[in-house]
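Below, each value reflects all heavy atoms present in this structure, side chains not excepted, and no hydrogens, waters or symmetry copies. Naming: A, B, ... by sequence-line order, numbering from 1 per chain.
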There are 4 protein chains.
Amino acid sequence: MFRQQGGAVTDPLGARQAGARRTREALLTAAAAVFVEQGVQAPIRDIAGRAGVGLGTVYRHFPSRAELVVAVYRHQIDECVALAARLRDEPIPAGEALTRWIGVFVEFLVTKHGLGVALQSEDPSLLTLHTLMLERLVPACASLIDAGVAEGDIDPAVTAHTLMRAVGNLCILGPGYERADAQAMVARLLVGCRRRS
Amino acid sequence: MFRQQGGAVTDPLGARQAGARRTREALLTAAAAVFVEQGVQAPIRDIAGRAGVGLGTVYRHFPSRAELVVAVYRHQIDECVALAARLRDEPIPAGEALTRWIGVFVEFLVTKHGLGVALQSEDPSLLTLHTLMLERLVPACASLIDAGVAEGDIDPAVTAHTLMRAVGNLCILGPGYERADAQAMVARLLVGCRRRS
Amino acid sequence: MFRQQGGAVTDPLGARQAGARRTREALLTAAAAVFVEQGVQAPIRDIAGRAGVGLGTVYRHFPSRAELVVAVYRHQIDECVALAARLRDEPIPAGEALTRWIGVFVEFLVTKHGLGVALQSEDPSLLTLHTLMLERLVPACASLIDAGVAEGDIDPAVTAHTLMRAVGNLCILGPGYERADAQAMVARLLVGCRRRS
Amino acid sequence: MFRQQGGAVTDPLGARQAGARRTREALLTAAAAVFVEQGVQAPIRDIAGRAGVGLGTVYRHFPSRAELVVAVYRHQIDECVALAARLRDEPIPAGEALTRWIGVFVEFLVTKHGLGVALQSEDPSLLTLHTLMLERLVPACASLIDAGVAEGDIDPAVTAHTLMRAVGNLCILGPGYERADAQAMVARLLVGCRRRS
DNA sequence: TATGAATGAGGGTTCATTCAT
DNA sequence: GATGAATGAACCCTCATTCAT
């Protein structure tokens, strides 16, 4: 009743919140980099070190490894989902839309070395990532496939879930199997998904 | 007190060699089983236990995990190589031969849970397995591809190494992506490898 | 813009003091509840959360865990002390007064899950609690014992400090040793403290 | 078939077994000492260090803390059980037998500082110790109580389990409450357990 | 004063690997 | 050759405590 502006005596909350957000973003950046180098099973300590923060800080922001992995990739997953919606609305053949969308998905995967492995891991701590993929990307992909099937361009036997798993697997890179190779193989796989004439 | 063999204080060499070979084979059998259940990263102790031998014995026979992995799969790799030679000599179209051969390779991979992961792992300890695949399977596959290209059936841009890596990746199974899915996806990939008409 | 109090830029002192006291009391209430549920070793964060204040606030009010523990129980200790004075003045046999007083002390202990453990812990951070018990309860108890000894009812060999420790220990509950068991055992102990006839 | 004496080539198993047993005993000795100093919740590392062995060695011999605690105290528990049987057979009053037996139990407890705390801990990892006490000592104690009740010496309302818990609690020592105090308090408790005349 | 983000010591546990017998 | 006890590095995770705002 005397002070309607709590901020006058306590510090403005914005400052700490902003600091925390910066820390969080530093962690996401560091984690993304470490995941590229070591895969998503990298020691949490390495991520903390790379981000220049203490171990406990990682746990404060991301209580489980899965939450960190999901956070790292969620943004890009969201973009993929949004792209599918846009492509569906464009005046292009559905097969072409699917090809373009898968192309973006491949870009996402091959630049995130380690995600491919994570996607096929049966580690329960990564189940959330599976769920995220299933719940968000599979429907997006399915809508494009359905349109292609409707236009008689895509083999009706193709299912979104299986196709995405296959594409995900094809994007697991290694020595002698680089980004361009993965792109080429995905392209051939898509050729095989067209309706046999 | 039971010296039935005159002056022979130590055993005849053959006996020890036979025992060692039997140990080695028990280890290979055990390792194959454990790899199916837990993947190639299974604890060495589990393999020793399954084979009924001591831990040190595993290390004596296979100083590194990779050597054990390679030994486990070498036999089947050899069979694949031999099959390629036989298929090349059969009076069937080269594309058909390649399809059959890849089918056998897929069978090999999907029944060896964890090998798929091992094949794309960058773990240096598994590099030998890569090498083995490259040196033995890639030439075998290449001979079939070359024949297919010569017959105008296969796209000349397809290289054996890339194709094998892709097939290997497609055979990494998981929940919701089972053996039949992998087989279907490999079949579609092969369709995409045919020469565009 | 809401300066209703002339030149007073900061709040009147009374307001802040009242707020601080309210915070302090919220903390004591929360700590008492958490101690019952988790024991006196509960994470400080849990107490802060239960009180709806920040972690730092707990440390400001109670720099060490022991100070918080002591503060939580001081009020009840004071009541025990006051009760001893009242009982001493009542026209009942001293042995009866001691029995009643111990009964109240037992009630205090068994409803404070974890205090029993704290009382016998050698954790130096809880030494203050020992001291508090010694300085306040032991004299209160001793006055009742002395009266009983004077009346020839209590064995003169009984010392207040030892008796209180023993009673405190008997009140450490556990599965299969509940409140009623502790009460019964304390009653038997008191029987054993009477002068042998 | 050539060698009926495996030990001739492999090393005699006795040597390693003996070494392991020595390690095990060193661990028990070290654990007992550390338990006295720090209680049964002492860091496993401390026990390993005191025994002069590696951390893993502790886990090899005692996969869980409870197993170590139980092993440390099992011998003395067994002796207590045996003593009860002997006392039951002696031509002395049952009340006297119970008193003597409890006296030995108290000796056991007060020299094992930390066991008292362990006995009343609700930590699930120590449940085994509870079980051991219950299954072995409680029946032993009960047989002595039953005999005392039959002779009209002990109050029939006394139960072995409650009495042992109470005695266990009374043996939790601390500054100003030493071994002699515990013994005196236990003696008074036993007085209170006699049938009121 | 109050806050809560950040810190990092501390303790648990697993397993690859060595080596004396 | 075979054994398996011992080792200790490497991870995981929790929480008491500090301190900038």
Is the phosphate of E/dA5 approached by A/Thr23 (side-chain N or O, under 4.0 Å from OP1 or OP2)? no

Euclidean distance, A/Arg65 CZ relative to A/Gln41 CD, rounded to 0.5 Å: 5.0 Å

Ignoring backbone atoms, test whether C/His61 places a side-chain nitrogen or oxygen under 4.0 Å from the OP1 or OP2 oxygen of E/dT1. no

Closest nucleotide of DNA chain F for D/Val58 versus for A/Pro63: which of these residues is on the 5' side? D/Val58

What is the distance from CG of B/Leu68 to P of E/dT17, rounded to the nearest Å? 12 Å

Could you please name the option among F/dC15, E/dT17, E/dA2 that lies closest to any side-chain atom of C/Pro43? F/dC15

Give none if E/dG10 has no partner; otherwise give the nucleotide forming a Watson-Crick or G-U wobble pair with it, both distances under 3.5 Å. F/dC13

Both D/Gly56 and A/Arg21 contact DNA chain E. Taking the nearest nucleotide for each, which residue is further toward the 5' end? A/Arg21

Indicate whether OP1 or OP2 belonging to E/dT3 is found under 4.0 Å from a side-chain N or O atom of C/Thr57. yes

Reading DNA chain F from 5' onward, which residue's closest nucleotide shows up sooner: C/Tyr59 or B/Val53? B/Val53

Please compare A/Arg24 and D/Leu55 by the position of their nearest nucleotide in DNA chain E and report the one closer to 5'. A/Arg24

N/O donor-acceptor pair, side chain D/Arg45 with base E/dG12, under 3.5 angstrom: yes

Given E/dA16, is OP1 or OP2 found less than 4.0 Å from the side-chain N or O atoms of B/Arg65? yes

Would you classify D/Gly19 as touching base, sugar-phosphate or nothing, given that sugar-phosphate means primed atoms plus P, OP1 and OP2, and contacts are heavy atoms under 4.0 Å? sugar-phosphate

From A/Glu37 CD over to A/Asp46 CG, what is the distance, rounded to the nearest 0.5 angstrom? 9.0 Å

